[in-house]
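Worksheet for the structure shown next.
Because the structure is predicted, anything quoted here is derived from the model rather than measured. Quick note: numbers below take in every heavy atom, side chains included, and nothing from hydrogens, waters or symmetry partners.
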Number of protein chains: 2
Amino acid sequence: MERPELGYLFDRLLRVVIAREEPILAAAGLQMWDHVLLTALARGDAPTQAQLAAETGRDKTRLIGNLDRLVELGLVSRVPDPADRRNRVVSLTTEGRQVLERCQTGIRAMETELLGALPAGERANFERALVALAASLD
Amino acid sequence: MERPELGYLFDRLLRVVIAREEPILAAAGLQMWDHVLLTALARGDAPTQAQLAAETGRDKTRLIGNLDRLVELGLVSRVPDPADRRNRVVSLTTEGRQVLERCQTGIRAMETELLGALPAGERANFERALVALAASLD
DNA sequence: TATTGTTATACTCTATAACTATA
DNA sequence: TATAGTTATAGAGTATAACAATA
């Protein structure tokens with residue numbers, strides 16, 4: 001039995017996930033990239049913007065507008081590093097962490113429903129394989 | 001154990017698949033969208049360009065440039081429908097079918113290697129679940 | 001008048017290269 | 001001089017609307 005190509009399948013699934021995340025994020029006033037950045041920052045402060053850009057696969061020049069927005073919303077702080085004032089340390093504010101956690105809860109529920117299309121026994125295996133496959137690409 | 005979000009995982013995997021397909025397609029003189037269109041046409045002629053655009057998720061105006069290119073390469077034919085001369089029937093040429101099959105062989109090999117990161121027992125289950133999940137979205 | 005395909009226009013996103021401030 | 005961040009410019013990709021041909 002021929003199956004469709006992986007590119008087709010992953011593209012299809014990614015588009016659906018993005019479409020279903022969009023209203024969840026919009027309810028919190030966030031766009032897709034805001035969420036990516038907040039998620040990265042939840043793993044720890046970024047000592048420089050360049051490092052945050054590298055971690056998220058975003059260009060350093062494109063990052064700036066997103067950070068401006070997040071600072072404006074009060075979700076992120078961006079302060080010069082006293083040790084080297086060229087660097088700016090980016091971190092989540094308390095409100096930023098709260099907003100992120102609210103989004104994560106909603107997204108988790110959406111994902112559970114999406115994966116509900118799989119038989120219960122297969123679901124856990126699928127998730128494990130997905131994580132293993134992504135990890136194999138490092 | 002928390003796993004990363006589906007959006008992160010699918011995005012990651014899709015990017016890798018695209019990156020690894022690119023040289024295979026380039027060797028055949030194709031770009032990503034060329035391959036998408038040839039694949040769709042392999043399932044049957046497109047009675048109108050609008051229908052082909054809808055099937056591939058492409059805008060009808062953006063489709064035109066791609067078709068111009070494929071016709072130029074001799075991989076696709078685009079002829080007015082005698083029954084309704086507003087429509088243009090798009091089909092694969094013999095050469096188009098050959099080029100597509102060559103690409104598919106290369107992509108299949110690449111995918112086998114990519115999925116080789118999973119234990120042999122899990123691989124088939126993962127592929128089956130992936131197809132089932134995508135099918136559940138129709 | 002309605003529809004298919006095409007062309008033209010504007011808009012967004014992205015990439016590259018200057019610019020500033022610190023070191 | 002070299003680096004972090006910013007800004008400015010140009011390019012690619014995309015969306016929208018007008019247009020020509022056919023029904």
*asked:* Whether A:Asp81 and A:Arg86 form a salt bridge (side-chain N of Lys/Arg under 4.0 Å from carboxylate O of Asp/Glu) is what I want to check.
replied: no
*asked:* Going 5' to 3' along DNA chain D, between which two nucleotides do contacts with chain A fall, using a heavy-atom cut-off of 4.0 Å?
replied: D:dA2 to D:dT7
*Would you kindly compare A:Arg62 and A:Pro82 by the position of their nearest DNA chain C nucleotide and give the one closer to the 5′ end?*
A:Arg62
*Grab the two heavy atoms, one from B:Leu137 and one from B:Leu133, that are nearest each other, plus how far apart they are.*
CG-O, 3.4 Å
_A:Arg108 and B:Glu2 ion-paired at < 4.0 Å_ = yes
*asked:* Does the protein touch nucleotides 3-9 of chain C at the base, only the backbone, or not at all? Give it as B, S and - per nucleotide, heavy atoms under 4.0 Å.
replied: BSBBB--
_For A:Leu6 against B:Glu111, the heavy-atom pair lying closest together_ = N-OE2, 2.7 Å
*Please list residues of residues 8-21 of chain A whose heavy atoms come under 4.0 Å from any atom in DNA chain C, ordered by number; otherwise none.*
none
*What pair of heavy atoms forms the shortest contact from B:Ala42 to B:Leu100, and how long is it?*
CB-CD2, 3.5 Å
*For residues B:Leu92 and B:Asp45, report the shortest heavy-atom separation together with the two atoms involved.*
N-OD1, 4.5 Å
*Which pair of heavy atoms, one from B:Leu9 and one from A:Ala134, lies closest together, and at what distance?*
CD2-CB, 3.6 Å
_Partner of A:Asn125 by side-chain hydrogen bond (donor to acceptor under 3.5 Å, both in side chains), out of A:Glu127, A:Glu122, A:Arg128, A:Arg123_ = A:Arg128
*Look at atom CZ of A:Arg15 and say whether more than 12 heavy atoms of other residues, nucleotides or ligands are closer to it than 6.0 Å.*
no
*Could you state the atom-to-atom distance from CZ of A:Arg85 to P of C:dT20 in whole Å?*
18 Å
